[in-house]
Structures are given as C-alpha cells and as structure tokens.
Chemist: 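My questions will all concern the structure given below.
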Amino acid sequence: MSAPTAVGRGLLACSVCELVMRAPSGATQAICPRCGARIHSRKPHSLARTWALLISAAVLYLPANIEPVMITTSIFGAQRDTILSGVAYLWTSGSWPLAVLVFFASISVPLLKLLALAFLATSVQRRSTRRPLARTRLYRILEFIGRWSMLDVFVVMVLVALVNLQALANVQAARGVLWFGCVVVLTMLASMSFDPRLIWDAAGENDGRDARRT
Amino acid sequence: MAETPDGPEPGELPQARVVEKRRGGLPLVWIVPLVALLIGAWLAWRSISETGPAFVITFKTAEGIEAGKTKIKYKSVDVGLVESIELSRDRSKVLIHARMEKYAADYLVEDSRFWVVRPRIIGASIQGLDTLLSGSFIGMDVGSSKTERRDFSGLAEQPVVTADDPGRHFILKSDALGSIGLGSPVYFRRFPVGEVESYQLDKDGQGVMTRVFIKAPYDQYVNAETRFWEASGIDLKLNASGVSLDTESLASILVGGIAFQTRGDAKLANPAAENAEFRLFKNRETALSYEDVVAMPFAFSFKESLRGLSIGAPVDFRGIVVGEVTDIQPQFANDAIYMVAFAKVYPDRTATRQVGESARLKHGWTREQAFDELVKIGMRAQVRTGNLLTGQLYIALDVFKGAKPAKIDWDEKPPRFPTIQGSLTGVEENIATITKKLAAVPFEEIGEDLRRSLGELEQTLKSMDRLVKNLDQETRPEVSETLADLRKSLDSVERTLSQEAPLQQDLRGALREISRAAASMRTLTDYLEQHPESLIRGKPEEK
C-alpha cells in the first residue's frame, strides 16, 4: 500500500527556487528551467555519503577519546586531561550532575549518533519495512542533539581564554580536541547527508519509487 | 527514472531541462574516510612507536607516588611516567610500574638508579624544595652499563653523586660511624672537594665502610700515602705546649665531615685507583702520625686477673703505643683458667715505615721472623699498672733477661705472644707468701706457752716474795750482827794501817833501803857502760 508522492507523480521541486516541474524520463540529470539548479528527487548518493562520513567519524572517535584535550600547566606541575579523565575528575570531586552532563554530551551522544546513523543506513539498505515512523523520529532527535556534542569543545575554548596566568596557571588545547571537533562535525554532516525519505522509500510506502534507487 | 507522470494537471507544469548525467566512479566523499583512516593510522603508529619500554621499580613505600601522575626525571627532564602501583605478593615492597619515553629507552641499563625525590637537608644545603609544591617525583641516574634491565630496586635515599659526575670514589674503613651523614663534605686543605656518598656496615659487622666521592680535579690529590680523618667537631688539646684548638670549617662542626691529606712527599706516591680502600682515622693527629698499615693480631694469655685492663687499652713498648687490646676472654686450658687478651699490634709504629722496613729487610726477615728474634732475646708481654689511682692496666712489651725460653706458634690464630708475670702481681705474690708464712706461725700455741710461762713467772715471783720475806725476818738480824763484826774488823785494820803504827814505820824503812840499793845499781850500770872491759879485767887501780 503506497501513498502518493511527488516522485510517484513524476514531479520534481527545485530546492533553490521552489519551482515544481515535471521530471524528465530516463537516466538524465534534471535542471530547473527557471534558476538552472541541478534537481534531484532524493539527495544524491545519500547512503554512500552517510557511510563515508560515518566511518570517518568512527575512526576519529578513538583518538578523540584517547588523546588529551587539554593541558593544564600550573606551579603544581603539568596535567594532561582526556575527556574521560575530566569526567572522572568531576565525578570524584563531587560534581556529579556536571560529570553526568559532560559524559552524556561528550561521550555518549557522539557514540549514540554514530550507532543510530549506522542503524538507519543499514535499515534502509536492507529495505526494512519495520516502523518507518519511529526511525524517522530517531533521525529527528539525532539532528537536534548533534550540536550539543560541541559542549566539550566550548569548555576547552573558554578555559584556554580564561586561564592564562602565565607562570601560575595556563590551559592549552591539545590535539584531542581537534579530533573531537572533527567527530562532531562529521557526524553532523553524516546526519545531514542522510535522506530520511529513503526510510519511507525503502519501506515501500511510497509509490513509484524503485526500491533500489537511493 | 521517473515514470510517466500521471498527476492531475501535469501539462500545466514546466518540463525540467535535461543535461547528460555525469557518471563518475566513486563519489568524492569517500576521500573523507580515507583521510580519517590515514590520520587514525598515523596516530596509532605514533603512539605505538613513541611508547617506550615498561619497567618496574621496587620501593619500600609508595609515599608521594601517584599512578599516572608521578614523573620520572633525569636531570629534571621528564623521561617517564608511573603507570600503576601495586604491592608485592608478600606485601613487603611496592612495585611501581612505569613507562619510559621512547627516546629514553636505552637509559634503562644495569646500573641505572632510581629514587624518590623529597625535600631534605643534605650536607649544608637543602634539596628538592620544588617537590613541596609539585609533589614528589622519581629521580633517575643513568648508568654507564650497556646491559639492558627492566626491573630495578629503588634507592631509599637520593644518591649524592650521579654517575656522570667526573671524579673518583673511595672507600673508607673505620671502626664506627663518626658524626658524618650522607652528603657530609670532604675537605682537602679546608677546601670542599667531595661528599660522603653512602655508608654501611661491613658484611661481618666488624666495621663501617664509608663511600666518598672526590670531584674531578681534586681526586688526583688522593694517592697511596693519603690519610683520611674525621674532620667533624672540635679538637681541643691540652699538652706541654699549651692549649690547641683544631677545627675544619664551621659547617663541618655542624654537619660533620672528612678531611684528607697526603703524608710525606705526595709526588712519589701513586695516585689511588677508583674504589681504593683507606682507613678513616679518628683525628688528624693519628691519621698523620701512624702508619698502621700492618696490624698483627696477637693473643696474650695471663694467669693473673686482668681487672683494670679494658678493651682499647694500649699495648706499649717502652713508652710507644704499638697496639691496642681488642678483646678479653677467659680460656680454660691445662686445668687452669687463663685470661686471654686479644690485641692488634702495629709493628710499624716503632719506626717510620722506611727505617723499620729497611732494618727488617736488611736481615731478610719477615715480620714473623722479626718477632721470633725479639722473643728469642727475651721479649715478653707483661700486664702493668698504668695508673695507680684508677688501677688501669696496660700490656707492656719489654725485654726480660733470663726469661724462660719461649716461641711464638704462628699457626695459632691469633698467635700467642709469650707472657711473663706482672710486676705488681709479683709484689702481691711476695706479700702473699709472707702472709702465708705468718699464717703458718702457731700464734695460739705461742700464746698458750706465753700464758704458761707467765703463770710460772708469777709463781717464781711469789717464791721470790717469800724468800725476801724470809730474808727480811730471819736474815736481817744476823746481817746486822755481821755488819757490826765487820765494822770491828775494819776498825782494827784501820788501826793497823795508821801512820803511827809500827807496821808503817817498818815499811817506810824497807822502802828507803830498796831505793838506796837501786841507786847503787844505777852507778854500777853507768860504770859498766863506760867501761865494759871492767867486767873481765876488773876495776883499774886508782891513780
């Protein structure tokens, strides 16, 4: 049972000037007759891009968590903190809510995003028909919380700017924060390049869409 | 691949323009994971290649050491990090698992040393103050060995000298540890040239070994003739020349120290080798005056009590202290108890080394033979009183003419030096003999006899008394009668001899005749003298 869609009706919309037009037949590239933008009925190479960015993010997720993100130099000696050691420090020093927040935003969110996007992409590829609505919601949540992962980067940034007392105390950003920022940006890009319409296409909910077409 | 549109009003919509679809191979986006993988691989390779070797340091306690925080520093440069801390299985030690930086991997050699740096006062200076703020770290000294090693035993104390300091180590042996500590300075002509590095008991517990380090340009002044002494404290002496006060620097009074100087001509002596052993003398005087290179242990066994002979008492040869008593023990042998004093004798003290040696060598004697010769001419050991007030004894070596012949058995350990009974003990013995003889006198019997004699005397006196009484009563009247008779007789004698008495007259006449006869005799002899011929021829006729 398929629902009527624009594609099903042979229609395309220009993503730039919003002109609705009839789609050309055959494996050709449609061009908007009004503004000349290239028009796709779905995001092109959506799954491939998603996968590529996802894999990159996953690769960089490891060094982001292993390498130190911050070097604190004080008269008591230098200290290199990774994200996890920061969480552990917050936890042992009694700031449990803060520790939970940082753990959630910096460690679990990127990880969950990676896993969730991988799940979505896999489900589309396997033409899963199960609960497309729930999966679409999951995608929406992902898009929403993705930016919160930058919290850690902001903390380091603010500390570097604030704590600069020369010999007494000094905070420097370490390489880990770069990898971490990359992970966050890559996962955001990956979720952006994923086309949620594919969920419905693959579930066979949309008429006129070849299930193979991505 | 849209199918034919079948919307309600497709004709009203514009038709999309069409261009040829670019059919590329792999989308460009796949460069991103490729770059990410490259970055990941590069990071992984770097972290693996930069990971230095892990090793273990054993410490007594992990005080001040924190896993993941405490650094290992060599010359104040971070070369490693403590990774974890655990207790040894028997809980007696702490195992510190640490990892070295990659470039410092070859620092882990056989004789590398590790210690925990804490603030402390060493010598006259304070070290490690920075650890008060930053917490302790593990100090390291890289050894010179080429053999790799991964398990180390941490030092309890920070070493004073690191392996790459130029200079030489020497070992000083002494009976007891003086007032010196780690880092105590070593002086040469009151100039600090080194430090005390460590000290420990001998293996057999018979003495203390102090290890000192002399810094590079100064170690050349240490040679075979160098004498070390404890320069700590104040040496106040009162002697015939007055009061003399001898100290090294003020710091050495407080923290102790060691000084050295070379006896005699330093140029002649060979420089001392690394780890050469020296004796550590109590003070400068003994260090420079005695040449106790050779110490010969002897046992002196005496029959008499050695009360007053203490350990450390001198062995004296006519006023020269040539040794000291090290131990006193009773020994049971031949059904008698002997008191045996063990002593070290320094034979070279009797002469300067050169002279003594040359005399001995002239005869071709060994030291033992020299002693044999001395014993042969009568050298014996004797216990003498050094101080009559305190009763302190000493062992005197002296030559006793007419001593019983004796020999030293050099196979005995230690050899037994022949002894002779002490001078004071001789006196005591004589007194004892007299006392014994006195004791043998039968005073009781004598008393008894005396009493008896006195009794008899009394009786005698009594009979005398009786006699006198008798005399008084019975004889007196007779005596007075006799006396009266006597007077009568005397009266008659007087009468007889008086001038007018006829006896007197006759006597005087007779005497006159005799003198006349004598005169004529004289005349005769005179004549005879002048005319001796008259005896033959007779008197010539008067003309």
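Only this structure's heavy atoms are used, side chains among them; waters, hydrogens and symmetry mates stay out. Naming: A, B, ... by sequence-line order, numbering from 1 per chain.
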Chemist: NZ of B:K73: more than 12 outside heavy atoms within 6.0 angstrom?
Modeler: yes
Chemist: Rounded to the nearest 0.5 Å, how far does CH2 of B:W30 lie from CG of A:L53?
Modeler: 9.0 Å
Chemist: About how many Å separate CG of B:L43 and CH2 of A:W179, when rounded to the nearest 0.5 Å?
Modeler: 5.0 Å
Chemist: Between A:L19 and chain B, with a heavy-atom cut-off of 4.5 Å, which part of the residue counts as in contact: side chain, backbone, both or neither?
Modeler: side chain
Chemist: Less than 3.5 Å apart, which donor and acceptor atoms pair up between the side chains of residues 167-178 of chain A and the rest of the protein, not counting sequence neighbours?
Modeler:
residue : atom : partner : partner atom : Å
A:R175  : NE   : A:E67   : OE1          : 3.1
A:R175  : NH2  : A:E67   : OE1          : 3.2
A:R175  : NH2  : A:E67   : OE2          : 3.0

Chemist: Do you know which two heavy atoms are closest between A:V59 and B:A36, and how far apart they sit?
Modeler: CG1-O, 3.2 Å
Chemist: Just list the side-chain donor-acceptor pairs under 3.5 Å for residues 183-193 of chain A, sequence neighbours left out, or say none.
Modeler:
residue : atom : partner : partner atom : Å
A:T187  : OG1  : A:K113  : NZ           : 3.1
A:T187  : OG1  : A:V183  : O            : 3.0
A:T187  : OG1  : A:V184  : O            : 2.7
A:S191  : OG   : A:T187  : O            : 3.4
A:S191  : OG   : A:M188  : O            : 2.9
A:S193  : OG   : A:L189  : O            : 3.1
A:S193  : OG   : A:A190  : O            : 3.0

Chemist: Could you grab the distance from atom CG of B:L37 to atom OG of A:S56, nearest 0.5 Å is fine?
Modeler: 7.5 Å
Chemist: Would you say CZ of A:R80 has more than 12 non-hydrogen atoms from neighbouring residues, nucleotides or ligands within 6.0 angstrom?
Modeler: no
Chemist: Counting only heavy atoms not in B:R150, do more than 12 fall under 6.0 Å of its CZ?
Modeler: yes
Chemist: Does any backbone or side-chain atom of A:L60 lie under 4.5 Å from a heavy atom of chain B? Answer side chain, backbone, both or neither.
Modeler: side chain
